[in-house]
Amino acid sequence: MLRGCSGDDDTYLPSAVFEEEYKRTRPYGTGMDVVSVRDLLTSAACESGDMTLDEASNHDGAVAGETWRSSGLLISIPIRYLNKLGVTDTGSEIRYRYIPAQVSGTEYKVIETQNNPNGSITYLNRHGIRIVFEQTGELGHFDFMQLLTGLVTALALLKVSTTIVELLMLSVLPQKLLYQKAKFEDTEDFSDIRDKMASQKKKRVGPKEESGPTSPVPTV
């Protein structure tokens, strides 16, 4: 988790570096990223080095002596992934950064209504910390099979769209006869052309002379 709502990798909060040492030494009994409210407020303090819920609130409309514990606050936490791999790169470790930042000039509260048995209504005005996460960055790697699948799918969709357009053009639209003439061109029967070519070849060669056995010349 980065400190001071900056994207600078040199501003890590030492108590919230979620690596194996952190997960092993924390008594939370989970392998997930766990952070205390104190560390979260420290990381989200953009204007000061540390921040507590008992500090004076500066949200729009704050009254004198009102603290963050009373007014509530809003913290935005983008999660920036750094996992863009090349074609030949391999790796299963997912790298990411938390970049908390307090949204200046805001408060957070929820008003709830509670119906009492005597018919009266009790309004509960709750104030607290609202945390909003947003995922950004790069996560994934190049896959040739996925590219090939996408190309094949695109070609198939293109062929389907072409077939639908031709069907509408030749069978449905009012000018379908004109479209048919423009699309198709009538040609001669190629069998007749082949017959003409064979006939012309025979005329050029001429009939073959018949030859038979010759009689021997009598001797005197």
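Basis for what follows: all heavy atoms, side chains included, without hydrogens, waters or symmetry-related copies. These numbers come from a predicted model, not from an experiment.
When atom types are taken as modelled, the side chain of N116 and the backbone of N118 share no donor-acceptor pair closer than 3.5 angstrom. Put simply, the side chain of S199 never gets that close to the backbone of D195: no donor and acceptor are under 3.5 Å apart. A donor-acceptor distance shorter than 3.5 angstrom exists from the side chain of S161 to the backbone of L158, with no hydrogens or angles considered. Looking only at distances, a side-chain donor or acceptor of Q180 sits under 3.5 Å from a matching main-chain atom of L170.
Listed here is the closest heavy atom pair of D54 and T67: O-CG2, 3.5 Å. Taking every heavy atom of both residues into account, E66 and S71 meet most closely at OE2-CB, 3.2 Å. Y81 and Q135 get closest at one heavy-atom pair: OH-NE2, 3.3 Å. Of all heavy-atom pairs spanning W68 and A56, the tightest one is NE1-O, 3.6 Å. Here the closest non-hydrogen pair linking R69 and H127 is O-CB, 4.4 Å. Considering all non-hydrogen atoms of both residues, V37 and I129 come closest at CG1-CD1, 3.9 Å.
How far CD1 of I99 is from OG of S43: 11.0 Å, rounded to the nearest 0.5 Å. A distance of 5.5 Å separates CD1 in I131 from CD1 in I75, rounded to the nearest 0.5 Å. Atom CG of residue L173 and atom CG of residue L167 lie 9.5 Å apart, to the nearest 0.5 angstrom. Of the inter-residue distances, the one linking L178 atom CG with M169 atom CE reads 11.5 Å to the nearest 0.5 angstrom. Atom-to-atom distance recorded for Q102:CD and L74:CG is 8.5 Å, nearest 0.5 angstrom.
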Stepwise side chain to side chain contact (heavy atoms under 4.5 Å, CB included) test for K176 and V172: CA-CA 7 Å; K176 56 185 178 182; V172 178; over 6 Å; no

Check the pair L73 / L41 against side chain to side chain contact (heavy atoms under 4.5 Å, CB included), numbers first and verdict last. CA-CA 10 Å; L73 68 154; L41 294 175; 4.2 Å; yes

Show the numbers, then the answer: is there a side chain to side chain contact (heavy atoms under 4.5 Å, CB included) between L155 and K159? CA-CA 6 Å; L155 292 176; K159 182 61 179 178; over 6 Å; no

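Ring pair Y98/F133 is perpendicular by interplanar angle, where above 60° counts as perpendicular and below 30° as parallel.
A single hydrophobic cluster is seen to contain both I77 and Y96, as judged by linkage of ILVMFWY side chains at heavy-atom distances under 4.5 Å, directly or through other members.
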